[in-house]
Amino acid sequence: MARVVVDVMLKPEILDPQGQAVQRALPRLGFEGIADVRQGKRFELEVEGPVDDAALARIRELAESFLANTVIEDFTVRVEESAAGATAPTGAAR
Amino acid sequence: MARVVVDVMLKPEILDPQGQAVQRALPRLGFEGIADVRQGKRFELEVEGPVDDAALARIRELAESFLANTVIEDFTVRVEESAAGATAPTGAAR
Amino acid sequence: MTTRIGVVTFPGSLDDSDARRAVRLAGGEPVALWHRDRDLHQVDAVVLPGGFSYGDYLRCGAIARFSPVMETVIEQARGGMPVLGICNGFQVLCESHLLPGALTRNDHLHFVCRDQRLKVENADTAWTADYTAGQEITVPLKNGEGGYVADERTLDELEAEGRVVFRYLGGNPNGSRRDIAGITNAAGNVVGLMPHPEHAVEPLTGPTTDGLGFFTSVLKKLVQA
Amino acid sequence: MSVDTTKHAAETPDTPQPWAELGLKEDEYQRIREILGRRPTGAELAMYSVMWSEHCSYKSSKVHLRQFGEKAPASDAMLVGIGENAGVVDIGQGYAATFKVESHNHPSYIEPYQGAATGIGGIVRDILAMGARPVAVMDPLRFGAADHPDTRRVLPGVVAGIGGYGNCLGLPNIGGEIVFDSCYQGNPLVNALCVGVMRHEDIHLAKASGAGNKVILYGARTGGDGIGGVSVLASETFDADGPSRRPAVQVGDPFQEKLLIECTLEVFAEDLVVGIQDLGGAGLSCATSELASAGSGGMRVELDTVPLRDATLSPEEILMSESQERMCAIVTPENTERFLEICEKWDVIATVIGEVTDGERLEITWHGEQIVDVIPGTVAHEGPVYERPLARPDWLDALQADSAAKLAQPANADELRAQVLALVSSPNQAAKSWVTDQYDRYVLGNTVLATPEDSGMIRVDEETNLGVALATDGNGRYAKLDPYAGAQLALAEAYRNVAASGAKPLAVTDCLNFGSPEDPAVMWQFAEACRGLADACATLGTPVTGGNVSLYNQTGEQAIHPTPVVGVLGVIDDVNRRTPMAFREEGQLLYLLGDTREEFGGSAWSQVVHDHLGGLPPKVDLERERLLAEILVNASRDGMIDAAHDLSDGGLIQAVTESCLKGGHGARLVVPDGLSAFTFLFSESAGRAVVAVPRSEEVRFNDMCGARGLPVTRVGVVDGDTIEVQGEFTLPLAELREAHERTLPELFG
Ligand SMILES: Nc1ncnc2c1ncn2[C@@H]1O[C@H](COP(=O)(O)OP(=O)(O)O)[C@@H](O)[C@H]1O
Ligand SMILES: [Mg+2]
């Protein structure tokens with residue numbers, strides 16, 4: 001089983017109130033030096049069978065027509081390297 | 001300016017109604033072969049100055065105390081390689 | 001024969017019975033339509049009610065758009081059938097691309113329920129003919145994702161073509177661009193808005209009865225047709 | 001790993017078992033062994049431990065709750081009493097209403113959003129299980145100090161959770177309470193009330209009868225959430241590899257619950273169920289044992305057929321799981337197919353997991369092997385009962401002696417004016433719209449009154465305009481000073497609120513939030529509150545129909561104020577006759593009903609101005625409350641009053657301010673003879689209300705009050721855009737509004 005990740009972010013020109021709320025809270029939490037925060041969505045799809053080009057193309061289609069609303073959002077699709085522990089959010093980073 | 005990405009996902013054992021709703025809709029959209037869908041959040045932080053270990057440690061702290069609700073969520077923190085277009089969701093993949 | 005107005009129930013629709021009540025109080029015959037049923041049962045117009053269709057998980061209206069009933073609604077709307085999308089229904093119309101733009105999280109990040117003053121900007125649509133342009137009405141507003149957004153060009157186009165149907169008065173409740181509360185398609189048969197006219201049809205339960213005009217408008221229009 | 005079967009248990013009597021970790025006491029464990037005649041299996045131990053927990057068995061409170069039944073006034077209205085998921089009362093015209101309040105305090109502290117959300121979900125399923133369509137919710141809340149940093153974490157999360165769940169479910173939120181007090185720091189109270197309506201013939205009960213009938217589990221899949229949540233204890237799994245922690249946090253899925261509601265109502269409409277039970281605390285352990293013990297026969301369940309979200313769950317965990325949005329129905333074989341069809345229509349997963357037997361035992365198997373074999377009643381109802389030691393707290397005399405009468409009162413009109421502003425802008429007295437605007441009050445289209453009215457009112461029948469009204473109240477400060485009186489005052493206030501809106505109070509539900517029952521002082525408070533409430537219900541003729549007990553509300557040694565929250569349901573024949581609180585017409589006369597005394601113990605004034613709590617709470621006079629309610633209801637029915645607002649925390653000036661701001665009209669007030677302006681404005685004497693009387697009704701209204709012997713004093717007139725207390729001060733409405741409305745947004749916005 002392979003994992004495909006679809007990241008969906010609001011387009012840069014669309015106001016992101018959630019990201020802004022995080023950013024506004026940073027000083028209160030004692031954080032400096034973060035110029036901008038954007039908040040988006042991350043989908044993890046567990047795909048049965050091989051993730052070949054055809055499968056990826058279909059998932060792109062899915063992202064375009066369904067997971068993202070391309071009127072306001074951009075997206076990326078990528079296969080997650082199963083080994084790379086750094087990118088697999090299965091345990092809290094400490 | 002470097003970008004640090006914080007991915008926040010519900011812990012595996014926690015119910016994810018959003019991911020489930022997406023998954024249930026897939027067959028109706030003509031999609032087969034996706035065994036599981038989980039939906040989480042992606043934060044993109046634009047960091048001023050160098051993203052050294054100290055900076056990363058602080059961002060981890062931020063993620064732990066604020067961006068994620070560690071009662072029910074796990075997170076990962078990583079620096080995004082600015083070159084790799086594939087992972088920078090700034091344009092819709094096509 | 002009375003005019004038949006369909007009200008779609010998606011799983012998670014909440015204000016469907018209220019929309020049917022409003023149709024009835026306006027003198028029409030409400031017809032319940034089911035999301036899995038492509039057949040519109042000879043209705044003359046359709047209301048997509050408020051609520052959280054399919055839980056509004058993913059995005060509001062995103063899953064409902066792909067329901068069987070919407071296939072027919074989209075087709076008939078393109079053919080000129082009057083369609084009103086209220087709140088979640090508005091979101092479904094945008095997701096279906098029957099109306100331009102999208103609805104995003106309220107800028108203050110909270111769900112908001114309040115009595116909202118609106119200015120009727122366009123009294124020529126199928127759903128607003130009983131109002132006069134410039135008229136002020138008050139109806140309930142309740143949503144968490146009601147911020148209307150579209151790119152500048154689309155917004156300019158909407159304004160130029162008189163397709164902004166309602167604007168918020170007395171404070172923008174959700175960060176909608178240019179205070180837009182509701183819009184119409186070019187033909188004027190499809191109207192979507194965030195506020196809830198169906199909750200302002202009885203003095204007993206609503207802040208006003210200003211919302212009745214939506215339903216009387218479409219009934220008159222259909223009788224004339 | 002092999003499962004612990006009943007056979008295996010009989011053969012291995014000496015296997016050590018984790019009863020202590022599961023919260024059982026040694027004698028309780030021994031009692032289970034006695035009942036079974038052998039050691040329990042792991043699955044049986046799981047069931048007994050959750051069902052015998054404080055939350056499920058009421059082991060500390062039972063002996064006191066009995067009074068609610070024993071002292072209950074004879075009431076024709078009561079259709080179903082204490083013991084079922086919720087009580088049911090007759091509201092006339094063939095309709096019945098069911099309502100109940102529950103707590104979700106501890107989960108909401110750990111995870112405010114989900115804790116509060118699932119609190120709404122749970123109480124709604126209780127109402128649904130009675131056969132009713134849920135029609136509204138309310139949320140009595142208590143938080144720590146308004147300006148404490150943790151309150152900033154807890155309150156917005158709780159409010160968003162209640163809104164997020166209730167709004168998505170399509171239930172109007174018609175009222176509740178928000179109280180700040182540092183005693184709730186670290187232990188907020190999140191109580192949730194739901195009311196439902198049905199026709200008499202639709203009442204359903206939680207019982208499994210009819211051998212051969214199917215046991216159907218429907219709704220969400222079962223996951224590992226909430227295991228052990230109910231016992232509020234560490235949840236060790238039974239895995240031989242050692243304990244692994246499962247999360248106690250349950251995540252709600254309101255969409256799933258909405259489907260569950262619609263699906264269940266359709267199933268009721270076609271009369272397809274013999275018995276039904278929601279899954280709440282203790283999940284399947286509770287549902288199966290309660291259904292089976294209430295029915296005629298036994299029950300057999302194949303636990304491995306339960307649809308799972310996590311395939312690795314052990315049978316013990318499945319039995320204890322508190323996954324939300326599940327129900328369990330008993331259906332005849334003939335109706336099973338139709339039942340499953342309706343579930344399919346609503347995309348609700350439904351599974352036949354077992355059947356009713358003609359035996360008397362609850363038998364549960366796991367892949368063909370028997371893992372539970374018990375008399376269900378021993379699990380559901382024969383839990384331990386404690387007569388916990390009681391002791392009047394040793395600090396109480398000193399507290400009561402510390403009278404509010406010795407506090408400095410305002411020296412002049414300027415100070416009086418300043419204190420009025422301080423009062424109406426204090427967090428407890430300030431406008432709550434920052435919170436309540438996050439709740440949908442319009443959905444379903446039957447909301448006649450909602451926050452900030454005295455009670456929430458729902459139209460039940462569109463033809464006849466029959467309606468119900470509900471209010472919840474509870475004043476922990478009063479109860480701390482005197483728990484007996486405090487509980488009575490909570491009831492009196494809710495009762496008065498319902499009457500003020502024109503409805504006749506009928507029945508009561510309560511949520512008793514207290515500290516640790518192992519502390520004799522807390523137990524005394526609890527006993528006193530129960531006694532007070534039961535006595536008051538008897539006098540007012542309003543039976544307790546059900547409720548909830550929440551104990552162990554404390555941080556370390558420090559218990560919260562005893563906080564009995566009381567909900568009263570009333571009925572109104574024609575909702576068009578409702579009395580709103582707003583002063584809507586200039587020139588109408590303002591009358592104060594009841595007696596005003598110098599009563600400041602536990603008052604808002606003493607808290608806001610002096611940060612003081614001491615003395616005695618206001619005097620309780622239940623006969624007076626009853627008379628006042630009769631007058632308010634009659635006056636509403638006969639059109640003699642246009643507005644009414646009950647007086648409670650903050651006294652007259654608080655009530656008048658709220659009514660003026662709501663109506664957008666000011667008032668000119670005259671201090672009655674024999675009262676100081678200070679007492680007139682701030683006293684919290686019970687049994688009072690202020691009403692606006694049209695001039696044309698003045699004589700008739702006065703005559704009615706006179707004939708019935710209710711003291712009534714003309715105190716002013718609706719007028720202008722200020723509140724003027726003649727001879728004292730004038731406050732522009734704009735200034736009052738600013739003071740009253742800015743507080744919560746400033747704190748939480
Ligand atoms: N404080 C109380 N006052 C009256 N009845 C109560 C109180 N606490 C619990 N009850 C009643 O005891 C019964 C069992 O309660 P509970 O186990 O909490 O029910 P459920 O599991 O359906 O929520 C219910 O009928 C409930 O109404
Ligand atoms: Mg129950």
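Numbered from 1 within each chain, the chains take letters A, B, ... in sequence-line order. These numbers were taken from a predicted model, which means no experiment stands behind them.
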Inset, instruction - Answer yes when A/R42 and B/E73 have at least one side-chain N-carboxylate O distance shorter than 4.0 Å, and no when they do not. - result: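 B/E73 and A/R42: not salt-bridged.
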Legend entry - Residue B/L45 versus chain A: region with a heavy atom under 4.5 Å: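 Looking at B/L45, backbone and side chain both touch chain A.
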Legend entry - Toward chain A, the part of B/F43 with a non-hydrogen atom under 4.5 Å: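 Both parts, backbone and side chain.
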Inset, instruction - Name the member of B/I59, B/V47, B/L62, B/V5 that forms the most heavy-atom pairs with chain A at distances under 4.5 Å. - result: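 Maximum pair count with chain A is reached by B/L62.
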Inset, instruction - Find the one option among B/M1, B/E48, B/K11, B/Q23 whose heavy-atom pairs under 4.5 Å with chain A are most numerous. - result: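 The candidate making the most pairs under 4.5 Å is B/E48.
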Legend entry - Sole residue of A/K41, A/R78, A/R38 in salt bridge (Lys or Arg N to Asp or Glu O under 4.0 Å) with A/D7: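 Single pass found, and it is A/R78.
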Inset, instruction - Check the surroundings of atom CG in B/D53: do more than 12 heavy atoms from other residues, nucleotides or ligands lie under 6.0 Å from it? - result: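 Counting neighbours around CG of B/D53, 12 or fewer heavy atoms of other residues, nucleotides or ligands fall under 6.0 Å, so no.
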Legend entry - Residues A/V4, B/I34; criterion side-chain contact (heavy atoms from CB on, under 4.5 Å); working and verdict: CA-CA 10 Å; A/V4 176; B/I34 294 184; over 6 Å; no
